[in-house]
Amino acid sequence: MPVVVLTKRAGPSTLGPAHLSRIPISLIKMNNEYSNKTVEGRVIHKGPLVSLQPGNYILKAVIQEHDSPPNASSEDTSINIVLLGPLATDFSSAVNQGDVVVASGFTVGKSPTFRKDKLHRCNLLLSGDACVYVSRPPPPPPDPTSLPAMKRSTVLSTEVSRSTKTTKYTYVRLNDLKVGSVVNVYGVVVFFKQPFRSRGTDFCSSLKITDQSNQKISCTIFCDKVDSHPKIFQIGDIVRMHRFKAQFFKDTIMLVNTFGFSVMAFDGAVGGAMEPRTSSRTYHFDQDDQRAVEELRLWAANQGLLPLVPTTPLSAVQPKTYFNLTCQLLAKAPVDSTCTLLRVWDGTRCPRSLLKVIVEPNVTEGPSSLSSAKENLIANVLVYDNHVEFARQLKLGAFLRIYNLRAIPGSSKVPGLTSSQSEEVDHLAFHLHGGTAYGRGIRLLPENSPDVQELKRVIEAFEEDEDKVPELNDSEMLDVWCTPPESLDGDTVTCSTERSCSHNIQPVTLSELKRSEPGRDHHVRVQLRSYEPLRLHQALKLYCSKCETMQDVPDDELVAELFSEASRYSGPCTPPQWALSGQVSVPRDSLGTPDRTLHVHLSTQLMSEGKSKELIFLMGATLEETCRLADGYQNIVPVRPSGGHLALLDLSAPFLFRGRKRYYGCKQCSEAALTEVSAEGVQVIDEKVIAEALGVQLLQFVLLMKLKLQDATDTLDVFLWRDAELFFNVSAEDVAADQEAQSSICHTVESLCPAEGSTGGRPWLDLCLTTYQAEDDQGQIQTCYQICHTTITTPSSTRPDPEPA
DNA sequence: GCTTAGGTTTTG
């Protein structure tokens with residue numbers, strides 16, 4: 001009887017055997033005897049089942065004292081529990097995050113992760129005769145007070161354990177549905193609508209799913225309880241559906257729920273959390289299910305079914321498009337009977353100014369004024385018609401995903417009072433139109449979803465930055481704001497740059513500058529006469545801070561060839577001991593290339609920490625496939641077989657894919673070896689952590705340009721390198737990954753140096769230049785100049801000024 | 001208790 005599920009919460013004292021006494025988590029110590037004690041807590045983390053050897057599993061979880069004082073430290077209230085053998089499998093299938101459990105028969109060990117997770121210094125080890133009792137919130141009436149507490153737990157307890165006989169479900173492939181039959185199916189979601197109120201008594205939700213048969217099947221779910229509907233967050237999610245009836249509609253077969261139906265949903269990313277999204281209190285979920293989910297995930301990833309951009313941050317929203325937004329609700333206000341205003345943010349800044357909607361302060365729920373920095377990040381979303389009801393129920397601070405939100409530029413009229421920021425301003429309004437077409441709707445995201453965790457990180461980062469602003473001291477402020485506009489021709493001249501250095505020096509002319517001693521900083525007022533490279537993507541370089549060399553970014557064609565070379569070779573290969581490996585075959589394509597197998601290797605250590613999605617090693621994939629998979633994983637390291645073992649690709653190829661970003665290593669300075677990447681003591685597994693673990697000397701993306709400056713007295717060639725990112729207000733890494741960041745640089749440069757014959761003049765630039773001496777190719781000492789501490793402020797709105805005299 | 005919707009963009 002290793003794991004016992006009590007379907008009714010009977011009070012802490014009745015959970016677990018009565019002859020044992022409960023010990024608070026804070027009092028647990030090493031070397032004490034706990035055979036007559038129990039520990040009680042809420043499961044706040046449940047790790048995946050990790051296979052030690054065939055049939056033998058380990059599972060880690062964290063429980064937290066649920067009735068501890070709110071100010072108690074996590075060290076006193078939360079403890080790791082480690083379950084071994086059948087207990088692990090039973091726990092995995094019977095216990096959910098959020099459940100309250102009581103454990104007995106445990107032993108106490110030293111927690112190896114204490115420094116990292118700041119939880120209790122000990123952990124609880126459960127194996128053999130240990131026992132876990134689980135309680136769940138009570139189901140709706142019958143009236144629970146009608147039975148004495150002790151009797152209740154006996155009457156209503158059910159046992160979910162390896163000894164319990166459970167119904168074995170069989171699942172039908174989607175191309176094998178027979179009209180009239182009631183079936184169980186698995187599928188990958190390719191389209192979905194959130195539950196919406198039907199004209200009847202129920203809520204209705206729609207899904208379209210597919211599976212390895214490639215058949216696409218529409219499904220309809222009717223149920224009066226929204227919570228029983230599938231919890232789909234994005235395309236690519238996986239669903240398991242029980243008791244659905246196949247029927248004909250419009251010459252095609254589809255599925256509708258029947259009596260006793262149930263639906264479970266899972267994250268669709270390979271290696272993602274195995275935690276089912278379900279409202280069922282008890283459910284069957286075993287290793288076959290786990291395998292079914294993993295198989296579908298791999299298949300879907302390889303089919304490209306996972307969306308490239310599941311949701312769009314406000315910083316990337318394009319006008320006139322429909323997009324999905326993951327955001328936090330800050331305030332709301334009813335506008336009229338068909339429209340409600342939701343004020344939301346995601347911590348990123350939309351480059352367009354956003355529509356300001358003014359509603360009367362006394363109808364607004366939430367803060368009426370926010371810091372102006374925060375205010376600039378807030379998007380006003382107008383939701384209409386059927387969505388108003390849902391919006392009304394939303395609580396402030398909730399994390400939402402809004403599907404099929406429309407970004408409307410410029411002159412759209414909105415109900416209520418629009419501020420003086422009127423139609424000629426290029427602003428964006430966000431509308432959630434009425435209806436459910438294209439899955440339009442709003443979904444509440446649970447706190448533990450990875451997307452919410454990510455959103456919180458971004459928001460926290462913004463709030464930290466905001467706290468820093470007042471630290472700018474007065475003299476710095478004066479220098480930034482009071483640099484007197486020096487005008488060569490006596491008129492006030494608009495300037496497109498802003499210096500942020502603390503030098504208190506007068507500007508000099510270029511001819512004066514050329515006569516002065518090197519090794520000093522200067523301020524100049526100049527125009528941009530020309531620049532190199534003309535093809536701006538060539539300005540992007542890879543720089544090694546160790547050997548101080550710079551190289552070009554390898555082009556896609558070369559990288560693709562390295563990948564296809566690596567994927568063609570398929571000799572025998574033993575994965576390292578720390579890896580858990582899986583494979584998926586890529587069917588022959590229309591060009592008749594032979595079947596290939598993709599191999600995925602995951603670190604068992606990371607898996608046991610619930611971080612399997614954070615890093616995978618991928619073998620046999622093409623560049624394109626790798627890029628596609630990079631959407632589902634935080635980190636992908638491409639590998640190839642070499643001498644019977646796994647090795648990194650040639651370092652001309654990126655050694656790491658993080659979303660759209662690629663990272664390269666220095667061939668000269670790296671001593672690459674495929675070793676396990678440990679997340680010990682690190683917050684985020686990022687490129688630095690991985691590079692270090694793999695012995696790769698990380699190359700840094702940098703921008704390098706040569707600019708020819710001019711003023712009335714002379715011209716001067718200067719470099720833009722060290723402070724290039726500051727100058728353009730972009731990161732080189734973003735430029736490498738993001739077309740928009742590239743075009744922003746192009747526009748900036750073009751506005752500073754308009755093409756011959758164009759009407760725009762050259763704006764004046766206030767620059768801070770540093771001079772230094774360096775050897776040129778021939779070994780000659782030369783004086784060099786670099787632009788420092790300077791940022792372009794208004795490239796597009798600069799008025800043309802007359803040519804210098 | 002046996003209906004609801006049946007993807008496919010508001011018209012603010």
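Basis for what follows: all heavy atoms, side chains included, without hydrogens, waters or symmetry-related copies. Letters A, B, ... are given to chains in the order of the sequence lines, protein chains preceding strands, and every chain is numbered from 1.
- Residues that satisfy the salt bridge (Lys or Arg N to Asp or Glu O under 4.0 Å) test with D267(A), not counting sequence neighbours, are K613(A).
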- Message: Return a single string for nucleotides 3-9 of chain B, one symbol per nucleotide in 5' to 3' order, where B is base contact, S is sugar-phosphate-only contact and - is none, cutoff 4.0 angstrom on heavy atoms.
- Response: BBBBBBB
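- With hydrogens and angles ignored, a donor-acceptor pair under 3.5 angstrom links the side chain of D385(A) to the base of dG12(B).
- Distance, F430(A) CZ to dT11(B) P: 19 Å, rounded to whole Å.
- Both tests hold for K193(A) against F196(A): distance to the six-membered ring centre under 6.0 Å, angle to the ring axis within 45°.
- Every residue two or more places apart in sequence or in another chain was checked for a ring-ring contact (aromatic ring centres under 6.0 Å, His included) with F233(A), and none qualifies.
- Applying the ring-ring contact (aromatic ring centres under 6.0 Å, His included) rule to Y186(A) yields the partners Y171(A); only residues at least two apart in sequence or on another chain are considered.
- Counting only residues at least two apart or in different chains, salt bridge (Lys or Arg N to Asp or Glu O under 4.0 Å) contacts with residues 434-454 of chain A comprise R401(A)-D451(A), E447(A)-K456(A), E454(A)-R457(A).
- For residues 224-235 of chain A, the pairs satisfying side chain to side chain donor-acceptor pair (under 3.5 Å) are S205(A)-H229(A), D227(A)-K231(A), with sequence neighbours left out.
- Under the rule for a ring-ring contact (aromatic ring centres under 6.0 Å, His included), the partners of H433(A) that lie at least two apart in sequence or sit in another chain are H431(A).
- Residue pairs meeting the salt bridge (Lys or Arg N to Asp or Glu O under 4.0 Å) criterion with at least one member in residues 289-300 of chain A, sequence neighbours excluded: R240(A)-D289(A), D288(A)-R291(A), E294(A)-R297(A).
- Contacts between residues 228-242 of chain A and DNA chain B, defined by a heavy-atom separation below 4.0 Å, involve no residue at all.
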